Amino acid sequence: MKLYYRTLRDLPREELFAPGHRMCAGCGAAIAMRWITKTVGPNAIIVNATGCVEVTTTPYPETAWMHPYIHVAFENSAAVASGVEAAIKTLKRKGMWDAGDTKVVVIAGDGGTYDIGLQSLSGMLERRHGVLYILYDNEAYMNTGIQRSGSTPKFAWTTTTPVGTAIRGKIQWKKDIMGIVMAHRVPYAATASVAYVLDMVNKIKTALEYTAEGPTFLHIFTPCVPGWRYPENKTVEVARLAVETGYFPLYEWDHGKLILNPPSNNHIDKSRRKPLKEYLKLQGRFAHLTEEEITELEKELDAYWQYLAKLAQL
Amino acid sequence: MMQIQEVKHKEALTSNYAVAYAVKAADVDVIAVYPITPQTTIVEKLAEFVANGELNAELIHVESEHSALSAVVGASATGARVFTATSSQGLEYAHEILHIASALRLPIVMAVPARALSAPISIHGDYSDVMNARDTGWVIYIVASAQEAYDTIIQAYRLAESVYLPVMVAYDGFLMSHTVEPVELNDESEVRKFLPRQIRPYTLNPKRPVTMGPLASPDWYYEFKYQQVLALREAYKVAKEVDVAYGSKFGRSYGVVETYKIEDADYALVTYGGAAYGNARIAADRAREKGIAAGVIRVRLYRPFPTLEILKALEGVKAFAVVDRAIMFGSPAEGPLYKDIATAMYMNGIDKPAINIIHGIGQRTIYVEDLYKVYTMLKDRPGKEVVFMGVRI
Amino acid sequence: MLEFRFHGRGGQGMVTAAQVLATAAILEGKYAQAFPEFGPERRGAPVKSYLRISDNPIYLREPVLNPDVIVVADHSLFVAENPLDGAKPTTILVVNGVYKTSLKTYYIDATSLSMKILGRPIVNTALIGAVIKATSVVSLSSVIEALRKYFSGKLYDLNVKLIETAYQETKEL
Amino acid sequence: MTLPKATQLPIGAVIPEPGSTRKNITAGWRTLRPVINDERCIRCQLCWLYCPEGTIVEKRGVFKVGNRTYDVKYEINYDYCKGCGICANECPTKAIEMVPETT
């Protein structure tokens, strides 16, 4: 990533995401939206998949968006963005575009990315449209009331993975969406967290600039107050612990090179990571976990880190 | 005085190719398509035009029909002139976006060589796909020749961009999509004059940011649906005006309903599409040879429904039959056009013998002889019934 | 109106043959309609295609049931299919190689000829030449013009040569 | 309130006014209200950084606090603050206190 912003003082001051929207108090995605809109600047078109952000920001006749914005459906934001990008290209060629270098940015949740939107995402990446696709990951279908998605972590409680006597929470592991995106050989993909804003905005800007070459992807970790069952003032703390415990490593895939970013660049050595438990214990969705289950999660996390470490060496 | 008749140059084209030529003439900006039989040759031809630099457009090779329509929704919202095409399962797959495209009021034009639906899988023609899309708020034309397909695509852009509604141009899968016929092509610069670039009230542009596709509560939603009702009513008027304007410029027009020997007919067939209409004309001629005053009515503009024109055309007949090429399972009468006409008549206090013929399903051949028999049925035992014709019962 | 039915196998070009003749007729200001017996086209599978040529607009969209001209690309089709189905006493048969029926017949060794000129056994062009000889439904020059829509470069030249030779060599049985 | 008729609304449910949720004052969502103690504020910007609503307002000027002088001061736009308390939780000097809203 390029360092567009070195300190907090360099960050863009102008707010391009209006307050008065209906996102939850303490919403992690709201923090992300604020910084996405500020960082991409006004010359961008936002394509939003159905989801929490979409329904809470566009209650007719009001909109929180100050950008040109379109929402079409749940599964197709990458396809819609492909069309927007192609339109700008042709209209420019024909001298019919008056807005200059307009960027195209998708904002979609984990349901709209990992699950129902995966096909159109793959198509867009394969066709190499110059679109920045931003996934805000709150690890379940929060808009419909906390149902499990392909992004929900193992053992997590959701309304469709209840903690029962026979089955306790989600049975399966979280899907490796970054791996899927990287397999498309995109110019740039990165993870980011709302707890690490400076890292996040530099990645947003880097990814945005790389759209001149092709599609870029950002996976932003956005804790969810009601879905993860933690107090609403703890959003940033939860997000920070996710990174510090190694649960959500910060890294980027820049033209085939995997680079771990601070503080995750220190975390290949397990002893440098905080115990996973510190992250889990803040959240009601993991409240039922036994020591054995936590050990299993830690084992899987270690394996994931070994995989990342190998990728980082390539 | 001797008249020198100009022999107009005609190309030998399938309806699919005719559509591609019309799209090129319309100077379309963005095309998104996914292959499906019998639509595919439209895309192949367009890809050739783009590859040869004859059409300055972005061709998006999407990974599904759902994405094809989604991509043209995005492109149209951005202000581009767009085109897509599909058939059968593809139209079903994109169905969700049909509703959204019309509700967002985007002037998208889509060609649909009509094809049967699975299961069992059939690549052959009928109108099950188009009829499933009839209530989605799109303007729907069903055309009957390659020439009309060409002309109607051009008319469709003018109409779509006047009333801000998407327009579907449907025709018989295979029986037209793959049939070579003579087509007179217009001078492309004249087509572009007929389709001037309009400034739309709202597009996605950072200079004039708007939000499209918001959430509407019960206090707001219904008003936008009612707007669509009004827009389709407006489209009914504008479609006729566009057809007249096109006729005066290019010498060909069709009306919203086409009739054949209806003026003095006692018995009429009402239908849509190339095969059913073409063969009905021959059947009417045959019936007239046998002393039956037979006529044919073809619905060209299917949505919005041309109630007035159809009622007027049926005014003098003693009995009529509606030949449908789709089945609405479990309906009081299984033919979709029949249902429309029955509703139109009932609402206008008209009661006449009317038979619903279901035929041509999965491209079961509609023989002229079959349609001739329908005329004799109308004469000998006029009533109200649904007849599944051409099927082994 | 003259109605044709072509019998061939996927890959022999019988759909194109009907289309080329339709194109030639349209070039001459006539009305024409050419369409295949629709289905997924598969190499080697028997296929039919249809052609109507008329001085008036054509509304009929039935398959050709009682052809005025039947064109058969390959003798084996007489075993696999019944190409003479619906033939009238006046129907003309155009066939690749000598084949005796009760119909008035024109024949050409299209396989040898296409092998010789194209180097490949694609018999449609040769049979177009034979059809023109048998029916005079369109002129040879119109067909040569129509071929431009289907072939270009060297392939066009070879097909023109093939069609002209076939036209010369077609004989009445 | 009478809402507009169908024919009075922009077509396609387009919202032509960017940022119009500003009309919706979300102050009523709060049960706790953040109060900044300017004495303790070290101008680290973290509250401004993390506020999901963008309600921490950065004021430029010359601000004397005790014997220190700052060129910036942070205030809260209570119209939109939903009272989540992230600012207080993240504040390194505990300069923000969450106090109950009094009605």
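Numbers restart at 1 for each chain; the letters A, B, ... are given by sequence-line order, proteins then strands. Being a predicted model, the structure only gives us computed values, none of them experimental.
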Self-check item: Minimal non-hydrogen separation, E223(B) against K5(D), with atom names
Solution: CG-C, 4.3 Å
Quiz item: Under a 4.5 Å heavy-atom cutoff, which of Y164(B), Y222(B), Y226(B), W220(B) has the most pairs with chain D?
Solution: W220(B)
Quiz item: Do F224(B) and I11(D) pass the side-chain contact (heavy atoms from CB on, under 4.5 Å) test, and can you show the C-alpha distance, the side-chain angles, and the key distance before you say yes or no?
Solution: CA-CA 7 Å; F224(B) 295 109; I11(D) 64 162; over 6 Å; no
Quiz item: Would you say K249(B) has more than 12 foreign heavy atoms packed within less than 6.0 Å of its NZ?
Solution: yes
Quiz item: Do L230(B) and T7(D) pass the side-chain contact (heavy atoms from CB on, under 4.5 Å) test, and can you show the C-alpha distance, the side-chain angles, and the key distance before you say yes or no?
Solution: CA-CA 9 Å; L230(B) 296 180; T7(D) 49; 3.7 Å; yes
Quiz item: For P18(D) and P209(B), which heavy atoms make the closest approach, and how far apart are they?
Solution: CG-O, 3.5 Å
Quiz item: Would you say V14(D) and T211(B) make side-chain contact, with heavy atoms under 4.5 Å?
Solution: no
Quiz item: Is atom NZ of K225(B) surrounded by more than 12 heavy atoms (other residues, nucleotides or ligands) closer than 6.0 Å?
Solution: yes
Exercise. Can you measure from CD (Q227(B)) to CD (Q8(D)) and round to the nearest 0.5 angstrom?
Key: 10.5 Å
Practice problem: Kindly determine whether I15(D) and V210(B) satisfy side-chain contact (heavy atoms from CB on, under 4.5 Å), including the steps that lead there. | Solution: CA-CA 6 Å; I15(D) 303 175; V210(B) 295; over 6 Å; no
Self-check item: Interchain contact, A103(B) with chain D, by part (heavy-atom threshold 4.5 Å)
Solution: backbone
